[in-house]
Each structure stands twice: as C-alpha cells, then as structure tokens.
Amino acid sequence: MDLQRPRGTQDILPAETPIWHRVEAAAHRVAQSYGYREIRTPVFEHVEVFRRGVGDATDIVEKEMYEFEDRGGRRLVLRPESTAAVARALQQTSLLAEPPVRLYYIQSHFRYERPQSGRLRQHTQFGVEAWGVLGPIADAEVIALAESLLTELGLKRLVVRLNSIGCTDCRPRYREALVSYLSDHREELCGDCQRRLERNPLRVLDCKVPGCQAVVAGGPKPLDYLCEACETHLSGVEAALEALGITYERDGSLVRGLDYYSRTVFEIGYEKLGAQSTVCGGGRYDGLMEALGGKPQPAVGFGLGLERLILTLEAEGLLPPGESPVDVYVAYLGEPLGPEAMRIAHMLREAGQRVEMEALGRSLKAQLRRAQKLLAPFVVILGPQELERGVVVVRNMKTSAQAEVPIEQLAEAFHNQTA
RNA sequence: GUGAAUGUAGCUCAGUUGGUUAGAGCACCAGGCUGUGGCCCUGGGGGUCGGGGGUUCGAGUCCCCUCAUUCACCCCA
C-alpha cells in the first residue's frame, strides 16, 4: 500500500457517520437551547493569532502547529484551536458591539502530536464561548451547557473538576511563592518537574510522580493566594452549580496549559478512556482579547472533543444500532428489464422512499442476499412474467410474505405501508 | 520529542530450529435450487507476507533502516 492517510488522521466510514450526525445534532440543539449561535472561522489563520492568543511558550505554539508559507509569503497555520480565532473574528467585526455574545462552533483542529487513543492530529471540537460576560453565572452556564449535552447523549458518571487559577493580580503572587518553595526542594522533584519549574511552574501541581506530590503537599496552596475578587467569583460559580444540582469536585491541582486562562478552569472527564480521559476542558479567559491587541472583554467557554466523546459513548454502549440505509430494494431479472426497474425505483424515490436498485445484474438469489445484508425491509421484484401483466412482486423481508401489486399503485402502497 | 509492543487475504489470525506451489475462519462470487435471502454442501476469485536494503544455496521467519498502527510519557480535546 503506497498511499496511506496522513498520520493521526482518520477516515470516518459510512458505518460511523450516523453517530457523528447524532452527536453534532445534539450539540447544535443544546447550544441553541441556551441561546448560543454558530460561528465558523477559517481553517487557517495568520500565525500571530495563536502566538499572541495561545502564548509563545505553550507546547501548542512551540512545537505543535502546522505552519506554512503561502505563495504570497504569508505565515499561516492550520488552526490548532478556535478560541483565539474566534477572538480575532470578533475584533474584526461588529458582533461585540452589543454584548453579551454567545457563540458555539464545531470545527476541526490540527496539532502535530504523537497520536494515541483519543489523540489525533486532526480532531473535532464542539466549543462554546460567552463573550462580554464578567459574572460567575456565565461560568456556570457554560458548564451546565456541557452537562446538558452529555446528559442528552445518555452519559452519566462523568466527573466535573473545578478550580480557580487566579487573575493577573493574584496569580503572580502565588507563582512567586510556589517557585521559591519548589526551588528549595528542587532536588526532590522529577526531571520533568525540574524543567516545569523553569517554564510553567503551575504544572508541577498535577505531576503524578509520588515524590513531586509529596513536595507539592507541603507547599503553598493556590486557593490561599486568591485575591478577594477571585475568591468571590469562585464561590459564585459554585453556588450557581449547586443551584443547578450539578455535582463537581474541587481540584486544587487543576491547571491549564494555555496562557489565556484566568480564574475559573474546569474539566469534565471519563476515567475509563485511559490516558486521554478529559472529554471537555474550559475556563475563563478575560485577558485574551487584550493579548490580541483589542479592547478588553471578559469571556468564558470550553472545548469538547468529539472523537473522545464518541469513544466514551462507545465505552458506555451508547452507540445507536445499525439501521438500514434503504426502505426498498428493487430487484429485476435480466438486462432488458433494467430501464423499467429504473423507472419503478425513480417513482418510489419521488414518493419519498429510500431505494437501492440492483446494479450488477446478478441472480435473484444474490440480489435478495444483498437486500438482506442492507436490512432492507422490502424488496420489489420485477421479472418478465410480472412486466407482462403490469405488476411487481413485493416481498416483506421480515415475514417472507409476498404480494403482487400493480406498478402504478406501488408508490401509494408503500406510502400506506410506512404511514 | 521520549519509551515499549505490533504489521501475513477486505476482517480476525495460524505459519515449527530459516527449506520447495503461504494457510484457516469470516466476508465476497458462482453452483447445488435454469425466478426467491437466512441453514447446509461444493467450487472460485483474491497476498509486492507494510516498504527498502543486507546475511544465506535458500528469508514470512535472522540483522539494519524506514513507514504505519497501538499503548504510555510530555501535553492536550
């Protein structure tokens, strides 16, 4: 095989498209039920959108972008995420003239990573963003929206984890305290954490190495450093979640890799998925718009990975059963009857039936086998004897009952059958 | 980017210490039943053994490189 799909991509075959339709339809419906409206942004953007929005020092920008130069010498990149792109779109248009603006998207994202279960180089996110909203109600609203979607799809036992990473006022104070504490215990940290200490010290908090956990346990707690405004915000989010009956876990070690997050961060996960068990991740990003050179605008939102969501549905046995792609299979005997069989198929299609017609001129036995394989409930059989009398045999594949029906009454017969 | 495992028919897999024409089940096609699916029987089509190089009289089997998949790390959806 010399032609293969690029690494980390997948072909979604006809057997799988129904679950995608179902998930996407649910996402549209739930988002709209919260008053969110769909936005679509370009597949590629100028690199600067993500350099400034996501952050230069993040893994995404540093080593995961599909970057290229176009024929006009522009530095472009396949979007690695959508929030920065949406922020760019808002700046460029008049949408934000009348806040709040509630948006959602279902878009592909591209990151050059080593693939594994639940991680692809092209993946799809259902994302939701509320712009121009400052209060904790908005944070709770997007979490509730994600919950609604997961519930609607039949999922239970997903864990919501919640934390606050502070704002531009209090985060630096905590960061400083943490770095100074960790530096004193540098020798006790794992190699990864020694590097994290330089680049992204907050990451040390959720290291899984026992030794690091022990060090962290004795160090400064992020929540102790929250400023009053951030603390009030967090308890506001919790109060709203409680009012909605949404159960969550406070997780002081939950942090986010992207620069633009502030205050609220949250994840919704499903343990059975293995290492990539986070289905939904989000938070607040009040500083993003300014980082992109625009007027400051508070915002909160999340990204929900559809591939991971579908893996979860699969693991929970929630995939829809296979359904027949057709209502009627039109079989005929002998090439000369092809045109008349086509006419019959056409008539049925115009009457709203989904029809597959024999295309290979095989034996009746083979045609029936094919119809069975397709789970077609009915087969219309046209042979020379029938044609002579202007009728057709209609076979019910489930009961094996057969009846002759005049060709001109066929459409009506099926209409009554399915009505 | 790091570590490990795996690549043989459309699918799931056998294939002995290296030995002649590489197999099975399922799926597909045909026939048994010259116009009727499911069960059964018989036959048939399908393979660059992931790719390239090497060792050898001889490589699916051993060695090197490469590509891909899977799992984990980093990180993330």
Side-chain angles (χ1 to χ4, degrees), chain A residues 1-10 13 15 54 57-64 80-83 105-128 146 190-193 195-196 199-200 203 206-209 254-258 261 265 267-270 273-282 301-312 329 331-334 337 360-387 393-402:
Chain A
M1 183 97 52
D2 52 344
L3 290 180
Q4 334 187 31
R5 76 179 80 90
R7 189 167 199 199
T9 62
Q10 57 183 173
L13 303 177
V54 175
T58 58
D59 276 17
I60 287 183
V61 170
E62 219 168 53
K63 50 185 207 192
E64 295 178 1
E81 59 107 52
S82 282
T83 298
Y105 57 82
I106 298 175
Q107 296 195 145
S108 288
H109 302 108
F110 307 85
R111 294 180 198 168
Y112 189 86
E113 296 185 278
R114 197 89 170 246
Q116 72 188 72
S117 174
R119 163 183 293 150
L120 297 161
R121 290 185 171 181
Q122 174 178 358
H123 78 278
T124 315
Q125 278 183 41
F126 165 58
V128 150
C190 70
D192 280 333
C193 282
R195 276 190 298 106
R196 289 182 179 118
R199 305 193 55 84
N200 197 345
R203 277 272 157 221
D206 67 350
C207 181
K208 294 159 198 100
V209 177
L254 182 62
V255 287
R256 305 259 85 192
L258 315 189
Y261 284 106
V265 294
E267 285 185 0
I268 304 179
Y270 179 71
L273 270 194
Q276 263 58 51
S277 62
T278 298
V279 170
C280 174
F302 66 74
L304 194 154
L306 295 193
E307 286 82 3
R308 286 185 190 177
L309 174 56
I310 287 170
L311 283 178
T312 309
Y329 189 89
Y332 66 97
L333 293 139
L337 300 190
L360 300 175
R362 294 114 108 209
S363 66
L364 181 57
K365 185 194 185 92
Q367 297 188 56
L368 283 169
R369 210 167 22 228
R370 164 80 177 179
Q372 176 183 246
K373 197 97 193 180
L374 290 172
L375 302 174
F378 293 99
V379 174
V380 164
I381 303 167
L382 176 71
Q385 298 161 24
E386 287 79 19
L387 182 58
V393 170
V394 176
R395 181 178 179 87
N396 181 323
M397 291 298 277
K398 201 158 190 179
T399 65
S400 296
Q402 295 197 163

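If you're wondering where the values come from, they're calculated on a predicted model, not measured in any experiment. The sequence lines fix the lettering, A, B, ..., with proteins before strands; numbering per chain opens at 1.
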Pair assignment for [N], Watson-Crick or G-U wobble, requiring both distances under 3.5 Å:
N: U61(B); result: none
N: G10(B); result: C26(B)
N: C71(B); result: G3(B)
N: U20(B); result: none

How close or far is atom [atom2] of [N] from atom [atom1] of [X], stated in whole angstroms?
X: Arg195(A); N: G1(B); atom1: CZ; atom2: C1'; result: 10 Å
X: Glu307(A); N: U70(B); atom1: CD; atom2: P; result: 13 Å
X: Arg395(A); N: G37(B); atom1: CZ; atom2: C1'; result: 7 Å
X: Leu120(A); N: A68(B); atom1: CG; atom2: C1'; result: 14 Å
X: Leu364(A); N: U36(B); atom1: CG; atom2: P; result: 6 Å
X: Arg119(A); N: A72(B); atom1: CZ; atom2: P; result: 9 Å
X: Asp206(A); N: C74(B); atom1: CG; atom2: P; result: 9 Å
X: Gln116(A); N: A72(B); atom1: CD; atom2: P; result: 5 Å

statement: Heavy-atom nearest nucleotide on RNA chain B taken for Leu258(A) and for Ala401(A); more 5' hit belongs to Ala401(A)
Whole-Å [atom1] distance, [N] and [M]:
N: G23(B); M: C33(B); atom1: P; value: 31 Å
N: A22(B); M: U16(B); atom1: P; value: 15 Å
N: U56(B); M: U17(B); atom1: C1'; value: 16 Å
N: G18(B); M: A24(B); atom1: P; value: 25 Å
N: A5(B); M: A77(B); atom1: P; value: 31 Å
N: U6(B); M: C63(B); atom1: P; value: 12 Å
N: G1(B); M: C75(B); atom1: C1'; value: 11 Å
N: C62(B); M: U8(B); atom1: P; value: 15 Å

Out of [options], which nucleotide sits closest to the side chain of [X]?
X: Glu386(A); options: G35(B), U36(B), C74(B); answer: G35(B)
X: Ser363(A); options: A30(B), C73(B), U36(B); answer: A30(B)
X: Gln125(A); options: C74(B), U36(B), A77(B); answer: A77(B)
X: Leu368(A); options: G37(B), C73(B), G31(B); answer: G37(B)
X: Ala366(A); options: A30(B), U36(B), C67(B); answer: A30(B)
X: Asp59(A); options: A77(B), C74(B), A68(B); answer: C74(B)

How would you label the contact of [X] with the nucleic acid (heavy atoms, under 4.0 Å): base, sugar-phosphate, or nothing?
X: Ser117(A); result: sugar-phosphate
X: Ile60(A); result: nothing
X: Ala331(A); result: nothing
X: Gln122(A); result: nothing
X: Gly127(A); result: nothing
X: Gly8(A); result: sugar-phosphate
X: Arg369(A); result: sugar-phosphate
X: Arg256(A); result: sugar-phosphate
X: Glu81(A); result: nothing
X: Arg196(A); result: sugar-phosphate

query: Can a salt bridge be assigned to the pair Arg121(A) and Glu113(A) using a cut-off of 4.0 Å between side-chain N and carboxylate O?
result: no
- prompt: Under the 3.5 angstrom rule, does the side chain of Gln367(A) hit a backbone N or O of Tyr332(A) as a donor-acceptor pair?
  reply: yes
Side-chain donor or acceptor of [X] under 3.5 Å from a matching atom on the base of [N]?
X: Ser400(A); N: G38(B); result: yes
X: Arg7(A); N: U69(B); result: no
X: Arg370(A); N: G37(B); result: no
X: Gln367(A); N: G37(B); result: no

Nearest heavy atoms of Gly282(A) and Tyr261(A), plus distance in Å: C-CE2, 3.7 Å
Report yes if a side-chain nitrogen or oxygen of [X] is closer than 4.0 Å to either non-bridging phosphate oxygen (OP1 or OP2) of [N]; otherwise report no.
X: Arg114(A); N: A72(B); answer: no
X: Arg362(A); N: C29(B); answer: yes
X: Lys373(A); N: C28(B); answer: yes
X: Lys63(A); N: G1(B); answer: no

message: Could you check whether Gln107(A) and His109(A), counting side-chain N and O atoms only, form a donor-acceptor pair closer than 3.5 Å?
response: no
query: Among side-chain atoms of Arg119(A) and Gln116(A), is any donor-acceptor pair under 3.5 angstrom?
result: yes
message: How long is the straight-line distance from OH of Tyr270(A) back to CZ of Arg308(A), given to the nearest 0.5 Å?
response: 14.5 Å
- prompt: Roughly how far, to the nearest 0.5 Å, is CG of Leu258(A) from CG of Asp59(A)?
  reply: 10.0 Å
Partner set under side-chain contact (heavy atoms from CB on, under 4.5 Å) for Thr124(A), not counting sequence neighbours: Trp20(A), Ile106(A), Ser108(A), Leu306(A), Glu307(A)
- request: Please identify each residue that fulfils side-chain contact (heavy atoms from CB on, under 4.5 Å) with Gln402(A), with sequence neighbours left out.
  value: Ile381(A), Val393(A), Arg395(A)
Base of A77(B) and ring of His109(A) stacked, centres under 5.5 Å, planes under 30°: no
